[in-house]
Number of protein chains: 2
Amino acid sequence: MKIGNLAHLTGLSVHTIRYYEKIGLLPDASRDAGGRRQYGMEIANWLTFLKHLKATGMGISGMVRYAQLRAEGPQTAAARRQMLEDQRRTVQQQIDALQATLPVLDNKIEIYKDMEKAHVMEADHARDTNTIPRIQQPDKRS
Amino acid sequence: MKIGNLAHLTGLSVHTIRYYEKIGLLPDASRDAGGRRQYGMEIANWLTFLKHLKATGMGISGMVRYAQLRAEGPQTAAARRQMLEDQRRTVQQQIDALQATLPVLDNKIEIYKDMEKAHVMEADHARDTNTIPRIQQPDKRS
DNA sequence: CTAGATGTTCGAGTGCACTCTAGGTCAAGC
DNA sequence: GCTTGACCTAGAGTGCACTCGAACATCTAG
């Protein structure tokens, strides 16, 4: 499989795949006669797993650390499990943080619904500012 | 209240507060005799709301748009409600995406537990690579 | 045989959201 | 009076994760 094909398969760009190789997330690909990268299915699986790790919010540096542990062999299994367990915890924290924003949004949405009603009734003055100051717009109306 | 005080109160840095003012997230602060920014409590409340918006994953540009709508007065209430409702939807999507990673992590963690057991039993060869290729580490061990 | 698609390298550029530096002013305490 | 520390501005720098460009090589279909 050539790099364009792999890119299509994984949804990553060709640029990104070469970038991942450069920073050590992918093994240096074997090349065909013309010097082009040749890939097998296992790389697609590895990239898919990397996409999952990325979806957990793990950054490049974390993924590189994971990849390096992996390269060191089975004796790092415990360390890798530890990383994944840590990451699981941060995922849960992210979920909790997002959950916590929902009532804040809902609250505001309700306030706006009331405001809209009031506005329609022409009693539309200064109920907008529930302790939050108005910002004079930078006047970018052409 | 001076800027350092506000920074302490909101958990933002003084730099960040000035930056927020520059990009239009905060009204141009009134100044004391010496040209220093003076703040009231309502700014702290606004910053707190911005922190909530940020926690939803809304970027600076979105927050600026919201702030500008706000500045335009009550007739933009519906537009702002729309923004918040859209944002609520993206928060839910982010939560779902994170939730979906949990089984992937759990799965891997289980695989590693098995691997560790196997490793202890000295049957520790090549079970590590479940279709995922090994990366030769760039040999950065000092 | 040739056009166009696809690949190569290296390095520069992008967008985001800060974060910091340099070089100054100003108010309060000793 | 002087030092200390908080504040000021304008602009440069940072870290992340790509993303793109230039200039060139090679493969593939007609």
Side-chain angles (χ1 to χ4, degrees), chain A residues 1-40 43-44 46-68 87 90 94 97 138, chain B residues 1-40 43-44 46-68 87 90 94 97 138:
Chain A
M1 182 170 21
K2 281 173 292 170
I3 196 170
N5 198 195
L6 180 63
H8 190 77
L9 204 72
T10 58
L12 296 167
S13 78
V14 169
H15 287 308
T16 301
I17 292 172
R18 281 195 286 249
Y19 166 68
Y20 278 8
E21 178 180 308
K22 189 169 59 184
I23 64 177
L25 277 182
L26 297 180
D28 289 0
S30 52
R31 306 302 181 102
D32 68 8
R36 289 165 161 89
R37 290 172 179 80
Q38 277 299 324
Y39 294 105
I43 297 286
W46 174 231
L47 279 176
T48 299
F49 181 63
L50 285 179
K51 282 182 80 173
H52 284 306
L53 278 188
K54 206 165 114 58
T56 69
M58 185 181 283
I60 290 281
S61 60
M63 297 194 293
V64 169
R65 237 173 324 113
Y66 184 88
Q68 285 175 348
Q87 195 58 26
T90 85
Q94 292 175 70
Chain B
M1 183 170 19
K2 281 173 292 170
I3 196 170
N5 199 193
L6 180 64
H8 189 77
L9 204 71
T10 58
L12 296 169
S13 78
V14 169
H15 287 308
T16 301
I17 292 171
R18 283 195 286 248
Y19 166 68
Y20 278 7
E21 178 181 308
K22 190 170 59 184
I23 64 177
L25 277 183
L26 297 181
D28 288 1
S30 51
R31 307 301 182 103
D32 67 9
R36 290 163 161 92
R37 290 172 179 81
Q38 278 299 324
Y39 295 105
I43 296 285
W46 173 231
L47 280 176
T48 300
F49 181 63
L50 286 179
K51 282 183 80 172
H52 284 306
L53 278 188
K54 205 165 115 58
T56 69
M58 186 182 282
I60 291 281
S61 61
M63 297 194 293
V64 169
R65 237 174 325 113
Y66 185 88
Q68 285 175 347
Q87 195 59 25
T90 84
Q94 292 174 70

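In what follows, chains carry the letters A, B, and so on, assigned in the order in which the sequence lines appear, proteins first and then strands, with residues in each chain numbered from 1.
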[X] side chain near [Y] side chain, heavy-atom distance below 4.5 Å:
X      : Y      : value
Y39(B) : N5(B)  : no
Y19(A) : L25(A) : no
Y66(A) : F49(A) : yes
R31(B) : R37(B) : yes
E21(A) : D28(A) : yes
R18(A) : I3(A)  : yes
I17(A) : I43(A) : no

To the nearest 0.5 Å, how far apart are CG in L53(B) and OG1 in T48(B)?
11.5 Å
Starting from [atom2] on [N], measure out to [atom1] on [X] and report it in whole angstrom.
X      : N       : atom1 : atom2 : result
D28(B) : dC8(D)  : CG    : P     : 13 Å
Q38(A) : dT26(D) : CD    : P     : 16 Å
L26(A) : dC18(D) : CG    : C1'   : 14 Å

Taking 4.0 Å as the cut-off, does a side-chain nitrogen or oxygen of [X] come that near to OP1 or OP2 on [N]?
X      : N       : answer
R36(B) : dA6(D)  : no
R31(A) : dA25(D) : no
K54(A) : dC18(D) : yes

Near DNA chain D, under 4.0 Å by heavy atom, which residues of residues 9-19 of chain A?
H15(A), T16(A), Y19(A)
Taking side-chain hydrogen bond (donor to acceptor under 3.5 Å, both in side chains) as the definition, give me every residue that meets it alongside Q87(B), ordered by chain and number, with sequence neighbours left out.
T56(B), T90(B)
Of E21(A) and G59(B), the one whose nearest nucleotide on DNA chain C sits closer to the 5' end is E21(A)
Per nearest nucleotide of DNA chain D, the residue lying toward the 5' end, A33(A) or N5(B), is N5(B)
First and last nucleotide of DNA chain C, 5' to 3', lying under 4.0 Å from heavy atoms of chain B:
dA17(C) to dA27(C)
NA contact type, I3(A), heavy-atom cut-off 4.0 Å: base, sugar-phosphate, or nothing?
sugar-phosphate
